[in-house]
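Report on the following structure.
Throughout, protein chains are lettered first and strands after them, A, B, ... in sequence-line order, and every chain is numbered starting at 1.
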Amino acid sequence: MRLLYIETYKLFRQSRTYYAILALFFIEAIVLLSAYYQGTGIIDIVLANLKDTFYFQGKLLNGNLIIYFILNSFWFHVPLLCMIIVSGMLTTEYQEKTLQTVLMQPVVKWKYLLAKYIVASLFTIFLVLLLALTSFLLSYGIFGKGDLVVYTNGLTFFEHDDAFYRLVYAFLFGTLSLVFFSVVSLTLAVLLKESFKTWIVAALFLIVSTLLLKIDLGNDVWNQIAFFKLNNTWQYFFNHDIEWNTIIINSVLMGLYILVTMLVGLFLFQKKDIG
Amino acid sequence: MIYCERVHKKYGKVRALHNVSISCGKGEILGLVGANGAGKTTLFKILLGLVTADNGKVEISGDGAKKIGGIIEKPALYPYLNAHENLRLFAKMQGADFSKIAIEASLEQVGLSLNRTDPVRNFSMGMKQRLGIAVALLNNPSCLLLDEPFSGLDPLGIEALKQLILDLTQQTQMTILISSHIIDVLSTVCTNLSIIHNGEIVQTGATSTILAACTKSYSLCGSDIKKASFLSDYDTISNGDCMTISASATEISEIIFKLSQQQIAITSCRPVLDLQQLFNPKEK
Amino acid sequence: MKLYGILLLFLYAANGFSQTAEEQVLFIKSRLDSIETFQADIKLHVDISFIKMPDKEALAVFKKGEDLVIKSEDFVLIPKRGLDLSFSELFEYPFMVVDRGEVEGQSTSLMAISILPSDNKADFSVANLHIDTQKQRITWAEINTKKDGAYTLRLTYPDSQAILPTKLDVSFEMDRIRIPLNFAGSDVSIDRKKIREADQKTGKIKLALEYRSIEKTQ
């Protein structure tokens, strides 16, 4: 608990943490603005075919759609920023040699790193919650409520209450992916030690994971369990019928990946000499 | 007590330490003298548990949760925190007393101001060294390792640090191991010296004994020293008001006596170490 | 002579039978014209293969001579065609009625007729109707518009006297759907085969009407 408090204290005493949070809010604001200006056009394109046959009553460019846009744009810049901040929790200590000073105190090595993993995960969750909260508040505040329309092999409309819960669940379950990337970045920091190297490899990992998401592995089992295939679990909440079984299995698998990555990091850290 | 026996460490093909044995008892100050890259820092890292020796035995005895504290190279502190916050953080992580009173006592012990609230990145090297020592002393370790503590300090800073080290030994009977390549400073602080060269301990013993064995000349300074005509009987090198004289310890006493007889004032008499002899005692 | 008499009888009967179809239509038209205003709560159910939408509730407000107004707080898809419960579009311009005979296989007496507009200004080319001759109302209509394709209506009435239906099924052809892929949720697998299969499909909107008020001319 002491170590958890200390890691949290250090994280929030550093200005780069606040730069990252501000950057995320800035990106969120850009997404909101672009949704505001382009959202109508996108809806017009989507509904173009239907205009021959239907009139539309009610507005689709509402808070739910904006939150959905934000959610869609979430899965690269948010993990990237998280990875930079989280990896810095360790690489800075290597660089400034405060890690040496810490390990010269009676502190158990693996416990020290475990505290960092836990705080990194909590920080990631905190960021997602913060973004989600501001997304919901701003989107509903500016754009109001209404039905959500998504395209997943057809147009699916969700009424506001239903859409709200689906969006909340999507954020919640999507957080697991982000925690996984954070944990990976900390493990990379254990391996690489230097800030720039860790950022580059972490970014590469994120990019490759995003690209591999679209690849069909030709095997149902691998398509189900490969970690990069689990990153879009949140999408299942926007199928008409929510496949809870698949979501839960994916989440458990993602949890296992997180655990394994952490254990690898802890093992390597414990074995490695410091300095 | 700090004790290690036949410690070996290799980094790839590079031999960092070979068959190193040292011992430093309670209340002793042992100086580890060596050139840059001799293996001092590697040995300290092994003693502090940061690096694992390839083989050999290491024993650190003492009471309490923390047996040994230290500084490796430069003191590493969190630059965005101030002195209080750094001490508080390090104290808290090891379960030591982190109350305001305890922290202020630590700061006073190393001679740091209680009122300074700016972050450590603004501190001078001397102040960082003191704070580093304060961190090393948290939780009252029995042993203290200081790796190149005098590097980067001005003369006043060096004097202050020397006094602090001496006070610690006297007050707490702490075992202190100091490494440096500045032998002049070490010789005034340490009771014993170990000389390390190319990863091996080449000689160990009382400071005075080692220095005496390696001293083949002395530097005498005085404004009228050139007037001492008898000095021409010795091998001398003149340098302004100073003269380096090749002489033994006995001979230099006689020289000083003769100079006093001729009423030639001497402002300093400093032994000049033969570094070859110091680091390669088997070669004569 | 006998043959001539039978022929005359046949022509007379045929003439009388055609007039009956037109009279039927005109009578139904007058019944529908008697509706001045109505308000109804409607439930819309979308039955289109590539659209999944929950049932929606809306309020329909009709005033004679004006388009039907649908009001809803939610987003609703309102079919452009098929909500003309008074069939005023069919009767706006002069028309011809063609009797197609009885509709086979029905328990009630249904007459199949075709309405052909005489004026080029009409929006439709031909409308095929099933008329319940006993209850004097339209139960089924297939309207072929000039610009917007064909659509069919199936009307269900609550009782034998009702002029306005409580259930209305509107069926129409849907064009292929084209969705810009970058709108799709990220990493959605695009099943192109399914999309192509969805190209030529019939869509259906089912409406359930619960009338709050109906005002008729006295």
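- When all heavy atoms of C:Phe91 and C:Phe87 are compared, the pair lying nearest together is CD1-O, 3.2 Å.
- Within a 6.0 Å radius of CD in C:Glu36, other residues, nucleotides and ligands contribute more than 12 heavy atoms.
- Here A:Phe136 and A:Phe164 bring their ring centres to under 6.0 angstrom of each other.
- Ranked by non-hydrogen atom pairs under 4.5 Å with chain C, the options A:Leu71, A:Thr156, A:Asp162 are led by A:Thr156.
- Nearest heavy atoms, A:Ile21 versus A:Phe126: CD1-CE2, 4.4 Å.
- For the set C:Lys147, C:Lys56, C:Lys71, the count of heavy-atom pairs under 4.5 angstrom toward chain A peaks at C:Lys56.
- Both the backbone and the side chain of A:Phe56 come within less than 4.5 Å of a heavy atom in chain C.
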